[in-house]
Number of protein chains: 2
Amino acid sequence: MSSIRELARRCGVSVATVSRVFNTPEVVSQQTRQHVLGMAAEIGYLPNESARTLATKKSNMVGLVWDTDHRRPGWRHPFLQDILVALKSALSAHGLHLLMLAPDPGAGPGDPRRFLRAVQRHNVDGVVIIDNGSRDPAVLALVDAEVPCVALDLLFTGPTCTYITSDNAGGGRLAATHLIERGHRHIATITGPARNWPAAQRLTGFREALTAAGLPLADDDVVAGDFYLDSGHAAMTELLARDPRPTAVFAAGDEMAVGAIKAIHEAGLRVPDDVAVIGFDDIEVAALIPPGLTTVTQDKTGFGTAAAESLMAMLAGTATPPEPTTLPTTLILRGST
Amino acid sequence: MSSIRELARRCGVSVATVSRVFNTPEVVSQQTRQHVLGMAAEIGYLPNESARTLATKKSNMVGLVWDTDHRRPGWRHPFLQDILVALKSALSAHGLHLLMLAPDPGAGPGDPRRFLRAVQRHNVDGVVIIDNGSRDPAVLALVDAEVPCVALDLLFTGPTCTYITSDNAGGGRLAATHLIERGHRHIATITGPARNWPAAQRLTGFREALTAAGLPLADDDVVAGDFYLDSGHAAMTELLARDPRPTAVFAAGDEMAVGAIKAIHEAGLRVPDDVAVIGFDDIEVAALIPPGLTTVTQDKTGFGTAAAESLMAMLAGTATPPEPTTLPTTLILRGST
DNA sequence: TAGTCTGATGTAATCGGTTACATGAAACCG
DNA sequence: CGGTTTCATGTAACCGATTACATCAGACTA
């Protein structure tokens, strides 16, 4: 591969001049510039990014910390593909590449510094963290990286850290309000694991809106699931056994909502006539299963672009990290309510 | 950030010795090694990867070329998340990081060298290509990269290139055989775009198996879709208008199969009693929509791990690239047939 | 015309590692 | 005991860029 020295030699100029042609073209004469660029194209010269990074301490790379462990469930984020595409596109527009980091092999599998170390070795300009909901110490350790960090769907602040999250409470309110407007008076909910922060927020907003409408949420009408299909099915089965049974259910995740619909159908009841169901997330299935799942949608693309923007703001050198971003949630009306 | 020189100074040894501690520990004395490692931990020394890459020409990074363009559809790969997770895990196990490359800003948006240049600048040890089905010249130009390349779901060979694909023909055969075994005699198919290679293969296998069973496929019973829901709905509507209408349909993609089921239900018919439906891909919805979609599944995880393995084989330095990998497809039985 | 300014370019140090080769001490051998 | 190995370590060139500083020619100024 031809180096800058080779190119300089061929052009009869110094390496400094060649470097200037690519970095500060305005200071080199028109004539020299043309000559160098022409010769560069001819011999296929391309600057070596490792060398540039070494010299400038800027890599144009953003590290992605995403703890994908086959064996544990929970690493899976339903929107990941949309988020990744948006993130990558937004970063690409600024000339940044996205480096999906492997945990540092120098640290053991359980070492809380395994991501921090990987980040520090690679001269990345910034870091995006995709949470798997586990609040892994190795992820939380990243606050110590002296590098701009943006976490997705994870409370994460520090001197160089901020995060992006959906307006989960608002979404919960939206769901409640919608069901109330549809005339429901007895509304139950299938929530997520107690310690899951987004789930808790959704529940809070949901309860608020019900209470405000004079429809307090009975403890009996709150059943916890784990975001997966079967738990939604089980929870709904439990709710259908109540007497009187609720006429509407808010599931804190679409997969659970689908499970709930299944349970309702199995009980010989109809959606939405006997029981209305509303979900949260707007995953692909929501649009595809009959009768179509009404749901609260999160702005997946917004996660990616907001992360890129927060990062760019920090790279631009503001002293304090940007405020956390809360993305609006909106209601998608389909047949299930 | 502390450098190797700093660490060497503190330990009273030369930089070469420190370097050896991390790269060829067996040649340095037990005592010195302990001392250096201890001091390294103390001052938080970590080798700078850019410098290492510059010196060794090995970056431990694999470039990912994935042309994500918001504006065009088609960049979306239904399995991408599974593939990415598997790919990343497999690469991580070998200490390799995955660099999602932005197109080279030095090249224009339409420049066929925009990925090639990005690859060449970054000293990546290998490249994985995720196809969007468009046979973009900029993707095809990567055969010229003097770097091991593995393409997913794309015919792609060259002196350092190979590819991974599903046994699409076999999957087509599987679908046909299954329907025949279920007793169907009049079987139609909703295929993909004529120029789409996987779709064509699926059709070929499907037709073969029908013919072998003495049930030649009439032209009328082949309708093309575009892999999206609506096209499946439209195609099925068309097929239902035939007299006699087919008793079973093979859709070359699950989304189209879901569209087909919708059309069947809308026509007041039942699945599978009036018309059986089988799909291809095994996307998430397949398991979730009633009555459950029987489908031919592709080994998503296999794509990722096979890509990593082919890459590793090339990195290990075989003169010729590994043979293309064809992943087996298998039948998943659910309620729709 | 001497002095200053400006614009284009060159010189060389530097970024943080790796590694071929040199060195020197200790161990081994006949 | 001299000579050869072996082992641990040091010296210094090198990877391919960037950039502070120096240089120098020509234009401009008083």
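Residue numbering restarts at 1 for every chain, and letters A, B, ... go by the order of the sequence lines. Just so it is clear, the values below take in all heavy atoms, side chains as well, and ignore hydrogens, waters and symmetry mates.
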Is B:N48 near enough to C:dG17 that one of its side-chain N or O atoms lies under 4.0 angstrom from OP1 or OP2?
no
OP1 or OP2 of C:dT18 versus the side-chain N and O atoms of B:K58: is any pair under 4.0 Å?
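So the side chain of B:K58 is outside the cut-off, no N or O lying under 4.0 Å from OP1 or OP2 of C:dT18.
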Restricting to pairs with a member in residues 11-21 of chain A, which pass side-chain hydrogen bond (donor to acceptor under 3.5 Å, both in side chains), not counting sequence neighbours?
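Of all non-adjacent pairs touching residues 11-21 of chain A, those that pass side-chain hydrogen bond (donor to acceptor under 3.5 Å, both in side chains) are A:S14-A:T17, A:S19-A:N23.
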Can you list every pair that meets side-chain hydrogen bond (donor to acceptor under 3.5 Å, both in side chains) and has a residue in residues 30-47 of chain A, with sequence neighbours left out?
A:S29-A:T32
A:T56 has a side chain; which of D:dT19, C:dG16, D:dA17 sits nearest to it?
D:dT19
Looking at C:dC15, D:dC15, D:dT18, which one has an atom nearest to any side-chain atom of B:L54?
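Nearest to the side-chain atoms of B:L54, counting from C-beta on, is D:dC15.
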Roughly, in whole Å, what's the span from [atom1] in [X] to [atom2] in [N]?
{"X": "B:R9", "N": "C:dG16", "atom1": "CZ", "atom2": "C1'", "result": "16 Å"}
{"X": "B:Q31", "N": "D:dC7", "atom1": "CD", "atom2": "C1'", "result": "14 Å"}
{"X": "A:E49", "N": "D:dA17", "atom1": "CD", "atom2": "C1'", "result": "10 Å"}
{"X": "A:Q120", "N": "C:dG16", "atom1": "CD", "atom2": "P", "result": "14 Å"}
{"X": "A:H35", "N": "C:dA8", "atom1": "NE2", "atom2": "P", "result": "18 Å"}
{"X": "B:I4", "N": "D:dC15", "atom1": "CD1", "atom2": "P", "result": "18 Å"}
{"X": "B:K57", "N": "C:dT18", "atom1": "NZ", "atom2": "C1'", "result": "11 Å"}
{"X": "B:N60", "N": "C:dT18", "atom1": "CG", "atom2": "C1'", "result": "14 Å"}

Taking salt bridge (charged side-chain N to carboxylate O under 4.0 Å, His left out) as the definition, give me every residue that meets it alongside A:R113, ordered by chain and number, with sequence neighbours left out.
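In terms of salt bridge (charged side-chain N to carboxylate O under 4.0 Å, His left out), with neighbours along the sequence ignored, A:R113 is linked to no residue.
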Please name all residues satisfying salt bridge (charged side-chain N to carboxylate O under 4.0 Å, His left out) with A:D104, sequence neighbours left out, ordered by chain then number.
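With sequence neighbours excluded, A:D104 shows a salt bridge (charged side-chain N to carboxylate O under 4.0 Å, His left out) to A:R117, A:R121, given in chain and number order.
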Overall bend of the helix from C:dT1-D:dA30 to C:dG30-D:dC1 (five pairs an end, 10° steps) is 50°
Exactly one candidate in B:L152, B:L154, B:I83 meets side-chain contact (heavy atoms from CB on, under 4.5 Å) with B:I164; the answer is B:L152
Within the structure shown, what part of the strands sits under 4.0 Å from B:F22 by heavy-atom distance: base, sugar-phosphate, or nothing?
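Since no nucleic acid heavy atom lies under 4.0 Å of B:F22, the category is nothing.
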Could you run down nucleotides 8-14 of chain D 5' to 3' and tag each one B, S or - for protein heavy-atom contact under 4.0 Å?
SBBB---
Pairwise ring pair (Phe, Tyr, Trp, His ring centres under 6.0 Å) hits with a residue in residues 113-137 of chain B, at least two apart:
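Applying ring pair (Phe, Tyr, Trp, His ring centres under 6.0 Å) to every pair that reaches into residues 113-137 of chain B, excluding sequence neighbours, yields A:H97-B:H122.
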How would you list all residue pairs meeting ring pair (Phe, Tyr, Trp, His ring centres under 6.0 Å) that involve residues 127-147 of chain B, not counting sequence neighbours?
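Those involving residues 127-147 of chain B do not exist here.
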Name all residues meeting the side chain to side chain donor-acceptor pair (under 3.5 Å) criterion together with B:S310; count only those two or more places apart in sequence or in a different chain, and write none if there are none.
none
Can a side-chain donor-acceptor contact be found between A:T53 and A:N123 if the only test is distance below 3.5 angstrom?
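Distance-only check fails for A:N123 and A:T53.
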